Amino acid sequence: MEINWTEIENKWRSKWIQNKDFETNPNEKQKKFITVAYPYPNSPQHIGHGRTYTLADVHARFYRMKGFNVLFPMAFHYTGTPILGMAKRVESGDVELIENLKNLYSVPEESIKSFVEPVKIADYFHEEIKTGMIEMGYSIDWRREFTTIDPVYSKFIEWQINTLREKNLIVQGNHPVGWCPKDQNPVSQHDTQGDVEPDFTEYILIKFKYGDYIIPTATLRPETIFGVVNLWVNPEIVYKKITMDNEKWIVSAECAYKLEFLDKKITYDGEIKGSELIGETVTVPHREESIVMLPASFVESGTGTGMVMSVPAHAPFDYQALEDIKKTNLESDLASQVSKIVPISIIETEGYGENPAKEAVEKFGVTSQNDSKLEEVTKEVYGKEFYGGKLKQNTEQFSGIKVAYAKDTIKEWLIENKHADILLELTNAPIKCRCGAECVVKVLNNQWFLNYGDKDWKELATKCFDQMNILPQEIKSEFQYVIGWLHERACARQHGLGTKLPWDKDWIVESLSDSVIYMAYYTISKFVNNGTIIADNLSKEFFDHIFLDKGDVSNVAEITKMCADVIDEIKKEFQYFYPVDSRHSGRDLVPNHLTFFVLNHVAIFPEKNWPKEIVVNGSVLMNGSKMSKSMGNIIPLRKAIQDYGADPIRLAIIISAELLQDADFNIESVSGIQNKLESLFHECSRLKPEKIDNLEAEDRWILSKAQSMVSQVTTAIEKMRLREALHDILFAFESDLNWYNKRVKAKNRENTSGILHQINSTRVAMLSPFAPHIAEEMWEKLGHSEMVSTSPWPEFSTQSLDANAIQSEELLKSTIDDVANILKVTKITPQKITIYTADLFKSKIYYSILEKVMTGQTNMGIVMKELIANHETVDVKKIPDFVQKTIKDILSEPTEIRETKLQTKEFDEKQFLANELSDIGKKEFGVEIDVFSESDDGIYDPKGKARHARPFKPAILIE
RNA sequence: GCGGGAGUCGCCCAGCCUGGUCAAAGGCGUAGGGCUUAGGACCCUAUCUCUUAGGAGUUCGUGGGUUCAAAUCCCACCUCCCGCACCA
């Protein structure tokens, strides 16, 4: 019989809704507030999104069964720019996008037409995603749903951003961005052709004096100013004479264009040919020395200023160009100047002598300045010098400092003394905007920043992280690292959906800044949705009162025109549910959202409302490779639910990886899960609750095993090791059940339904957070009247652990294994099997050894001596072999089993085996099995095997 | 470069935190058998090497070290993956 997943899922979903099982209000119970990052509705969700939400849902359902009052809400993040871009692309009739919408996302034609309006896109996918979440069976309190462009939410964000500004955490300043000169807008990866992230670097412009003019050269190595011996100019280039911020500069045309965007005032005054500059001299700043300008073909107009300072001791290009020029025919004046040039060595690096550039060039066999190997040589020299080099005496106040540290110090010193300026340049140019224009670096004026670089703020956040539970723990150091390097972050943009900056309406609060404390909003959104709270009259006083417990309620009531009782109720709701007990998200949000989440909480809320836990999960792969549109391997979640059922997908995602690992989703694992669930389902349909009396050995054993499973699963879930938990419930326990069934069958027992019913009820209850729908169905089939999702989590009790049953069953198993093993090796067809258990004397020695081993003594010699010293065990001398083997036996067992054995010293192996072995032995091997103790009178022992018997390791004779 | 993660018996992947349960779980694949009209599903057996008595040998990226004992702890190295921002 096939399971109809859709039917079962619909049935139980409507019962949950009908019972309002997941609508959470404050009550007398202990609460758990579990949240997960809300979705950005610009596409339907796929399996990858499903992972984070499923993990959080399992978490929520688990705590609900544990007796907590669990709040698990959801909202939708409309704020941001990608939806805006999408709308533009739809408007312009972008074929690729429209085809994707149609075919990949199955968006109806009518809806696509409406997509020219950004909010329509968000609305459409909002509904799509929400439906998917419901179909997945997420236990969400939908009464609290909101979007980030709701008017009340905007008021909330205004309050947040104002509060931060009052605390001086928002500052204004300049900021470089990748920029499209045509669109007049910042560009990010999404906005460029080929999805290239604009990457830029900061060059230091060293200002050389040339009469009234300044000739700047761009470098990444400001320390080399102490080693400059000449400048390189390309005679082919026509340079621009410009006025820049009241200084007269000579630079390439490309450079002048770049400077225009860097907050500089530029006017063009004229041109000068590179060839005209050759042979002229400039003055080195600070050193006040004259150096000559020489021609070089490696100098490019598009890089830096189109002029290069020459440091032949440390820059391979410079060294080579100098060598090259010595070989050419120069006019005598210039030639004599060139001949006087001596490289100045300023850095001492292990592995190099006076002139690292020369050594490297010679090592690589470079022949001219146009040799492509020079790039590589430069990289090598620079790398070694930067990380391993020290500045020499001739660098004045900087001598002795490591190059890596000196770089910034020297830069600041140069700029302070007006010897240098800054040029920002794309490192991965050319980058084209989607509009076709070539991008540049632009410095934005008057940009608003959240000052995440603030030391006190960071300290507070670090404190919060230290107190917080981060799962999995490994990720904690990543957070600490992020906190370390984080600095000012732009918190406003000029385009996109969102809330306007309250004090500067030209700006919109950036979308990663308006989604950091919204968890608090869930506690009031219920009142927004039922009309209690309306946007009008919402003021700072209201939010201060609710969230920070400030001010007087009557005053707030007057301002908001709300009833004081209602305001009290709202405040209590917040105080009951806050702080966030667990925040779930994908690991891609670690360096941004999750860190900002903590930073903003510690900035705004008092310590008692700081978040308690963060749970981070890895992504989902599709058949081992990354999901991407171009690969066409994105499966929309709702499609997957249709094809396989929600529960199999939930389980397949969870079981394929532990938290931080990437989960691999593939059809085989889903159908494997389906089959597993199906057989469990049929098992449950078969079992009836029955009175259990007269427990036999195997009953006590399987019940003990079930108890350990409960304990293991519970601990695993508490640590969010869901893969492990699920594996224990579905698979690991199965092998125990197999053994149990084998035993029961061999004994021809009929009365086990009650026991199996009890055990499977426990399993189904524990399965229910993972596979909620089918678990309800199984639960019903097992004859339970209430819902499993609202029933209590199975309790673990050590009392029902039967140590005796566990070890006797282990003995039985290992004895059978041994027999099977012998049969396999010898290939005998057995006629008769005889088992000999060890006698009492050996047993005494065994426990004596066991005690010693448990105290850590495993040295054979010492154990032997101690045994001989005791008159009870002195006879061990006769069987020295026995001690060695016994120690090995004991060591090859788990610690728990050893402890169990110590607890139950009185254990009659012979009696147990005689009772239990014959049935199962006959079933397995088809012959009778006799059991003797080696000390029995009239023992049948034709081959003298009996003396090999050891406790828990009986001797065996097969004929 | 910085920061994080990973390398396990054909493949995928547990185990490592807390050393002895480890020749190492589970799944897939493969081989044989059962069930079935057939296929699928399901069940059983086998799956590092050697072995006619429950045993032995060699394995967990490479090389060292600690220990009675190392896949597990420490050190070095090699290889692969991810993040480094104003973007959700």
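Every chain is numbered from 1 and lettered A, B, ... according to where its sequence line falls, protein lines coming before strand lines. Keep in mind it's a predicted model, so treat the numbers as computed, not measured.
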Notebook entry, point to check: Between A:K945 and A:I475, which is nearer to the 5' end of RNA chain B once each is assigned its nearest nucleotide?
Noted result: A:I475
Next item on the list: Please tell me which of A:N738 and A:E478 maps to the more 5' nucleotide of RNA chain B, matching each residue to the nucleotide holding its nearest heavy atom.
Entry: A:E478
Among [options], which is the nearest nucleotide to the side chain of [X]?
{"X": "A:H727", "options": "B:C2, B:G54, B:G26", "answer": "B:G26"}
{"X": "A:H77", "options": "B:C42, B:G3, B:A88", "answer": "B:A88"}
{"X": "A:A955", "options": "B:A88, B:G4, B:G54", "answer": "B:G54"}
{"X": "A:R721", "options": "B:G15, B:G54, B:A88", "answer": "B:G15"}
{"X": "A:N821", "options": "B:A88, B:U18, B:G54", "answer": "B:G54"}
{"X": "A:E510", "options": "B:A53, B:A88, B:G55", "answer": "B:A88"}

Students often get this wrong, so: under 4.0 angstrom with heavy atoms, is [X] touching a base, only sugar-phosphate, or nothing?
{"X": "A:L512", "value": "base"}
{"X": "A:Y481", "value": "base"}
{"X": "A:E488", "value": "base"}
{"X": "A:S619", "value": "nothing"}
{"X": "A:L957", "value": "base"}
{"X": "A:N675", "value": "sugar-phosphate"}
{"X": "A:S477", "value": "sugar-phosphate"}
{"X": "A:I655", "value": "nothing"}
{"X": "A:P954", "value": "base"}

Which value, in whole Å, describes the distance between the [atom1] atoms of nucleotides [N] and [M]?
{"N": "B:A24", "M": "B:G3", "atom1": "P", "answer": "40 Å"}
{"N": "B:C16", "M": "B:C73", "atom1": "C1'", "answer": "10 Å"}
{"N": "B:G54", "M": "B:A6", "atom1": "C1'", "answer": "39 Å"}
{"N": "B:C77", "M": "B:G1", "atom1": "P", "answer": "12 Å"}
{"N": "B:U21", "M": "B:C12", "atom1": "C1'", "answer": "25 Å"}
{"N": "B:A71", "M": "B:C17", "atom1": "C1'", "answer": "14 Å"}

Margin query: Please report whether the ring centroid of A:F76 lies less than 6.0 Å from that of A:F125.
Written below: no
Check: Watson-Crick or G-U wobble partner for B:C42, using a 3.5 Å limit on both distances?
Finding: B:G34
Item checked: Base partner of B:G10, which must satisfy Watson-Crick or wobble distances under 3.5 Å -> B:C28
Next item on the list: May I ask you to evaluate whether A:N592 reaches the phosphate of B:G83, defined as a side-chain N or O under 4.0 Å from OP1 or OP2?
Entry: no
Margin query: Looking at B:A88, I'd like to know if its phosphate oxygens (OP1 or OP2) sit under 4.0 Å from a side-chain N or O belonging to A:T81.
Written below: yes
Note to self: Just so I know, are the side chains of A:K953 and A:E909 near enough to count as touching, which here means a heavy-atom distance under 4.5 Å?
What the structure shows: no
Check: At what distance, to the nearest 0.5 angstrom, does OG1 of A:T52 lie from CG of A:N617?
Finding: 3.5 Å
Next item on the list: Round to the nearest Å and state the distance from A:I835 atom CD1 to B:A53 atom P.
Entry: 17 Å
Checklist line | Ring-face cation of A:R583 near A:F597 (centre distance under 6.0 Å, axis angle within 45°) | finding: yes
Margin query: Under a 3.5 Å distance rule, please check whether A:Y518 uses its side chain to pair with a backbone N or O of A:Y38 as donor and acceptor.
Written below: yes
Item checked: Expected output: side-chain A:D941 to main-chain A:K945 donor-acceptor under 3.5 Å -> yes
Check: Pick one: which of A:I149, A:I157, A:T148 meets side chain to side chain contact (heavy atoms under 4.5 Å, CB included) with A:T499?
Finding: A:I157
Item checked: Donor-acceptor pair (no angle test) under 3.5 Å: A:D818 side chain, B:G54 base -> yes
